[in-house]
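Reviewing the structure listed below.
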Amino acid sequence: MKLSDARVVIEGLIFASEAPVSAQEIAAITELDVSVVESLVEEIREQHAQGALMIRNVGGGYQMVTKPGLAPWIEKLGRPVVSAPLSAASTETLAIIAYQQPVTKAEIEQIRGVRSDSAINNLLDRELICELGRKAGPGRPILYGVTEKFFEHFGLRSTDELPLKGITEWK
Amino acid sequence: MKLSDARVVIEGLIFASEAPVSAQEIAAITELDVSVVESLVEEIREQHAQGALMIRNVGGGYQMVTKPGLAPWIEKLGRPVVSAPLSAASTETLAIIAYQQPVTKAEIEQIRGVRSDSAINNLLDRELICELGRKAGPGRPILYGVTEKFFEHFGLRSTDELPLKGITEWK
Amino acid sequence: MGYVIELDVYQGPFDLLLDLVAKNEVDLWDIPIAAITEQYLAYLYSLQEKDLAITGEFLVMAATLIRIKSRMLLPQEPPEDETLEESEDPRTELVQQLVRYKFFKEAADFLQQRYAEAARQFTRGQRIESYDLAPVYTCPVGELTLEELRSIYQELISESEKEPPVHTISSTISLEERLALVRLQLMGQPRATFSELVREDSVAEIVVTFLAVLELARLGEIRLIQTKSFGEIDIRPLELEVEVQA
């Protein structure tokens with residue numbers, strides 16, 4: 001077997017193995033020296049330098065995994081995809097958060113006059129708002145604010161760019 | 001997101017997904033157009049041209065697998081064989097269900113000319129077919145159809161890939 | 001009956017017949033039925049000699065073949081109509097079944113091939129943990145514009161500023177006063193509606209009037225009739241009603 005072929009075989013073995021596969025196991029299957037296997041694994045690593053995958057050493061073997069930076073995207077796999085527009089309740093809640101951030105749930109409910117838990121959860125799911133921390137004082141309520149994604153969607157740089165942002169003297 | 005980053009994200013998603021992942025799902029996660037996703041997948045395919053892995057279209061999605069030529073080595077890993085080969089009776093029954101779904105047991109038996117209970121049970125056990133509901137009319141017989149797993153097992157994109165799907169003049 | 005074990009060589013009578021047609025190199029659409037029937041029966045006899053059980057379907061087909069053969073031996077009546085002749089060929093139904101079966105048998109071969117191919121492609125070995133299933137939103141803000149967001153916010157703020165605090169309601173209009181007022185308004189009336197009572201009132205006054213009306217009903221001075229939710233409430237002073245009936 002040519003070394004270039006061996007490299008491909010090793011890549012396939014590491015990908016397909018249920019458990020991490022050791023250099024010794026690979027050497028036994030490919031009939032190569034362990035040292036050759038190890039240097040070929042290094043070559044495969046270099047090959048994947050620009051891609052999504054990497055080979056990590058784990059439990060005495062090699063295992064192919066995605067690079068850590070991809071986790072936020074990969075976590076979204078298998079989730080249902082929803083394209084429903086925002087409800088009126090969520091839109092109201094989003095408006096209040098955008099103009100008043102950082103703001104607590106109680107403050108939002110005072111303005112809207114109704115409970116807003118489900119609207120807040122919906123906005124969190126849509127990643128339009130996030131928790132900014134906790135307010136000092138009794139109960140230390142969670143403070144909400146809008147996210148990068150919110151700014152992206154409306155083409156804004158910051159909340160200062162919201163129309164008529166100045167009108168907050170009653171606050 | 002830059003397209004080069006997007007390509008890496010897509011590679012990671014296809015690698016990490018438990019089930020084949022569709023261009024639509026990837027588009028939803030990455031917030032890219034489906035057509036952009038499709039062309040990036042082609043780029044990833046080219047990237048892997050020299051390696052051990054390939055992306056196949058199966059059941060309306062993408063799935064990363066080892067290239068067929070590596071099978072002899074990967075079998076040495078002691079991976080359990082996916083499943084015993086299908087009997088001729090089960091394959092015939094499966095072919096009829098794939099082409100004619102939704103279809104009842106009586107309709108299958110009429111075509112095959114023999115009882116098909118055990119073939120149907122076998123296919124249900126292997127999760128290659130499933131019950132789709134019941135047909136209106138006397139006895140309300142169960143309707144069968146093929147599953148996602150069917151497409152995966154046979155490396156098919158959809159039932160449209162079945163040969164001569166058009167030949168139905170005898171119907 | 002001992003006809004329980006399926007023939008392991010053939011999937012069924014159609015399979016056997018197709019094989020005989022292929023071996024004889026004859027046209028499927030013009031089967032020499034006498035010869036094929038003979039071979040079909042010979043095959044079944046050979047199985048019997050080997051003590052192999054024959055399933056019922058094979059015997060049913062044997063009967064069918066013999067029936068077709070005998071019908072073909074009957075002298076043909078002169079056809080009244082040219083088009084009728086072909087449909088009266090006793091083999092037609094069987095041939096159609098065979099053609100249909102042959103199609104699926106070939107499709108099954110195709111599937112076997114694809115299966116063998118796909119089995120050589122290995123998926124990733126390791127499993128990743130499943131994550132929670134919060135949905136992914138494709139258009140999280142929908143059609144919402146910045147201008148709409150602003151006007152919604154302004155409306156909310158002006159609404160929340162306009163509404164007077166709750167405690168001032170009870171301090172300005174007492175229930176006792178309103179009770180007296182409603183009694184006055186109903187005096188001498190055979191009936192009235194709730195909206196007549198509150199025509200010019202603010203929300204706070206409507207609430208107190210409603211409480212007063214409920215109180216009068218509790219005291220048995222009036223009867224309230226509402227035919228549907230949020231519909232008009234009819235008020236009938238009870239003393240008057242009694243007089244009318246008498």
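Each chain gets a letter, A, B and so on, in the order its sequence line appears, and its residues count up from 1. For clarity, every value in this text was computed on a predicted model and none was experimentally measured. In what follows, every heavy atom counts, from backbone to side chain, and hydrogens, waters and symmetry copies are set aside.
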Is [X] close to chain C through its backbone or its side chain, or both, or neither, when contacts mean heavy atoms under 4.5 Å?
| X | answer |
| --- | --- |
| B/S87 | backbone |
| B/Q110 | both |
| B/L156 | both |

Report task. Can you sort out the partners of B/D117 under side chain to side chain contact (heavy atoms under 4.5 Å, CB included), two or more places apart, ordered by chain and number? Result ->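 Partners of B/D117 by the side chain to side chain contact (heavy atoms under 4.5 Å, CB included) criterion, ordered by chain and then number, come out as B/K105, B/E109, B/R115.
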
**Report entry** NZ/NE/NH1/NH2 to OD/OE distance under 4.0 Å, C/D234 and C/R223
**Finding:**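 No, this pair does not count.
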
Query raised in the report: Does a side-chain heavy-atom distance below 4.5 Å link C/I31 with C/L98?
Result: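 Of all side-chain heavy-atom pairs linking C/L98 with C/I31, at least one is under 4.5 Å.
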
Report task. Scan for salt bridge (Lys or Arg N to Asp or Glu O under 4.0 Å) pairs involving residues 88-102 of chain B, sequence neighbours excluded, and state none if there are none. Result ->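 Only B/E92-B/R112 qualify under salt bridge (Lys or Arg N to Asp or Glu O under 4.0 Å).
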
Query raised in the report: Which of the residues B/G69, B/P72, B/A71 is involved in the greatest number of heavy-atom pairs with chain C at under 4.5 angstrom?
Result: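 The option with the most such pairs is B/A71.
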
**Report entry** Choice from B/G155, B/S90, B/A27 maximising heavy atom contacts with chain C below 4.5 Å
**Finding:**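 Maximum pair count with chain C is reached by B/G155.
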
Query raised in the report: Applying a criterion of heavy atom separation less than 4.5 Å, what residues of residues 34-45 of chain B form contacts with chain C?
Result: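 Near chain C, by residue number: none.
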
**Report entry** Output field: ring centroids C/F58/C/Y43 closer than 6.0 Å
**Finding:**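 So the answer is no for these two rings.
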
Name each donor-acceptor pair under 3.5 Å that joins a side chain in residues 134-145 of chain B to protein atoms two or more places apart or in another chain, with its distance.
from: B/R134; atom 1: NH1; to: B/R140; atom 2: O; distance (Å): 2.8
from: B/K135; atom 1: NZ; to: B/E107; atom 2: OE2; distance (Å): 2.6

Query raised in the report: Between B/T147 and B/E127, is there a donor-acceptor pair closer than 3.5 Å when you use the side chain of the first and the backbone of the second?
Result: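 Checking the backbone N and O of B/E127 against the side chain of B/T147, a donor-acceptor pair under 3.5 Å is found.
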
Query raised in the report: Which atom names give the shortest non-hydrogen contact between C/Y40 and C/P13, and what distance separates them?
Result: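 Shortest heavy-atom separation between C/Y40 and C/P13 comes out as OH-CB, 3.5 Å.
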
